[in-house]
Number of protein chains: 2
Amino acid sequence: MALMNYLTQCTFDYGALEQTPKVLQRLGVTRPFIVTDPGLKANGLLAALLAALGAEPAGMFTETPPNPTESASAKAADAYRAAGANGIVAFGGGSSMDLAKAMGLMVSHEGPFERLGGSVKGMKHIGAIPPLLAIPTTAGTGSEVSPGAVVILDNGRKETFVSPFLVPKAAICDPELTLGLPPQLTAATGMDAMTHCIEAVLTPVVHPPAEAIGVDGAERIGTWIERAVKDGSDRDARWHMMMGSFEGALAFSKGLGAVHGLSHALGRIHDLKLHHGTLNAVILPHSLAMIGNNAADKFARLRRALGLAPNADLAQYIADLNARIGLPTGLAAMGVKEEHGEGAIDYAVSDLATLTNAVPFEGDQYRELFRRAL
Amino acid sequence: MALMNYLTQCTFDYGALEQTPKVLQRLGVTRPFIVTDPGLKANGLLAALLAALGAEPAGMFTETPPNPTESASAKAADAYRAAGANGIVAFGGGSSMDLAKAMGLMVSHEGPFERLGGSVKGMKHIGAIPPLLAIPTTAGTGSEVSPGAVVILDNGRKETFVSPFLVPKAAICDPELTLGLPPQLTAATGMDAMTHCIEAVLTPVVHPPAEAIGVDGAERIGTWIERAVKDGSDRDARWHMMMGSFEGALAFSKGLGAVHGLSHALGRIHDLKLHHGTLNAVILPHSLAMIGNNAADKFARLRRALGLAPNADLAQYIADLNARIGLPTGLAAMGVKEEHGEGAIDYAVSDLATLTNAVPFEGDQYRELFRRAL
């Protein structure tokens, strides 16, 4: 059992789920409120959590939509207050994690909710939320150790809420929970984690420990993702994919880049239901190609980590990997149309991630990135 | 300026010392008490700190001995209380850092002091100490981000105090402060950091992020230590040595090993005034030789990081490096005698670090290690 303490106390291994009561006790949570999604109710994993808990939670919200919304978060917040809960268990993928964080904000902060958002410098208004234990079931967004939550506001904007106070106090990472993740989700969430590692390494922010973790994560995911996609019951592969996801989020404390800027922006197109991880995977090779020779040392470091020859084409490696694990070849294959581009550009340019891209990125660069990824 | 937040908020770069007042303000420290040693008073660095502070501290203790003692800590504690201080600035090498932590314990915990020690499972009695800002002037012990403090008790035992509460809340790592560090101290403290990185990587504890940081630190120190020793004014070298020291301490959250077990034990021999870093450097090659093939994957990883051939002798590399930077060839050259061995063995076996050695280590193994290192 790995016990890894940074800002989050993380208990990591097969069987870690059994630690849930002990961790809640350590956090002082006597009336936990579970936030999860309908799929985890349907596939039996919620039952596994309840069994590990050993007692009725104070309350539950199981209706997390595929992308968390302000209104769903508010509904959860009402239930939280009605339950007299004093702590949160976020159980699921990035959506449940982020909705749980949004709900935590709502039950502890004056409204309006949107004034806490990153795009309006709302971080200064954010303080403590109830103690939060995050238990991921994908590998993954890394939201279990990250300071952010992405939520679609009532006004339609996809906003990122960022604060050290949103970093979960504790995380339980039990790869058992991912054994049943279907191949396509394994591939998509796995490449989300890969994108975290790679974009984090490439930011110009000076943070050698985070960068070293990102390189390690990229190597780990590169080694294990195909095995995890081909055979979801491969326990070693699932362990390493969950660790790679965890490392990706530790790494992105040094920032992300244009891939996330564009995928956040495109993620706003509700009707297409675009998956964040798949978007990242599809856009990543083109971002790498656009960076070109401007991050030569870091590209060299990533090539070594991924076991590539010194002159290998890193962008092509990612594109080929995407193809081998069954991800779409481009945005068009996901239903994105040329006309979706212009509306996304403004949002992309103002995304926090753009500030730390490896090369300066403005509207024209995003137009080019979108064009190539289409 | 690198801002790296794990358990400690670390501000890292040339000029970071200027951030001292801002950091103290963030910690809520209005009456800071400085802990340092006579050498820093003599060489002008204390004056630099006071200039950066911009105001009189509430009080100061400048008498830290080469190895911190319980009685010196108690003297500092008296001065702290008399000054009505509400926070601590530890300024110096590992001794000042550790004395500051010991003093912090004394002013906030009931006596006797020794019941808080690691060897008597005292961690459970340790709670919050006053806010501590650590500013290292060597590269180094990494004590600015570590949960430990090594103190010679009044009864003669060299005890390790360990607790998450001893991790400094903030650290300012300004390589400017190390520009004047003489070659021998640069070598000795540099190899202390190298030993942290290597022993941490080799522990069997599962903690991939800490391990990745340790590998990065070893690579960094291996690349820059000779330059730093040869030319102390090399600003890049000093930056990287301080970062390598920081990384070594982040890495050893996954534990240390027999090198530290033995060097802690030998460090008790007062009259020899054995330097912790030099002891580590001299013992390390022999510990690596004794581990042999029992950590093949990790040795391979370290060889790659250090730029060695796949079949290179890691132990010999360290011995050769020691020689090139002017460190002694063995314990005998430091004044240690064969009869010092037996008394040290019991202490080594019961040292916390022994629990996480790469291979099981008991009395016989320590005897062998001591014999070889002599």
Hey, which of A:Ser253, A:Pro208, A:Gly214 has the most heavy atom pairs under 4.5 Å with chain B? A:Pro208
Whether over 12 other heavy atoms sit under 6.0 Å from B:Lys298 NZ: yes
Do you know which of B:Lys254, B:Arg304, B:Glu247 has the most heavy-atom pairs with chain A at a distance under 4.5 angstrom? B:Glu247
Strictly under 6.0 Å, is that where the ring centroids of A:Phe246 and B:His207 end up? no
Output the distance between atom OH (A:Tyr6) and atom OG1 (B:Thr8), rounded to the nearest 0.5 Å. 12.0 Å
Within a strict 4.5 Å, meaning less than it, do heavy atoms of the B:Asp216 and A:Pro209 side chains meet? no
Please flag which part of B:Met4 lies under 4.5 Å from any non-hydrogen atom of chain A: side chain, backbone, both or neither. both
Contact part of B:Ala210 toward chain A, heavy-atom cut-off under 4.5 Å: side chain, backbone, both or neither? both
Chain B shares the most heavy-atom pairs under 4.5 Å, among A:Ile213, A:Val206, A:Val215, with A:Ile213
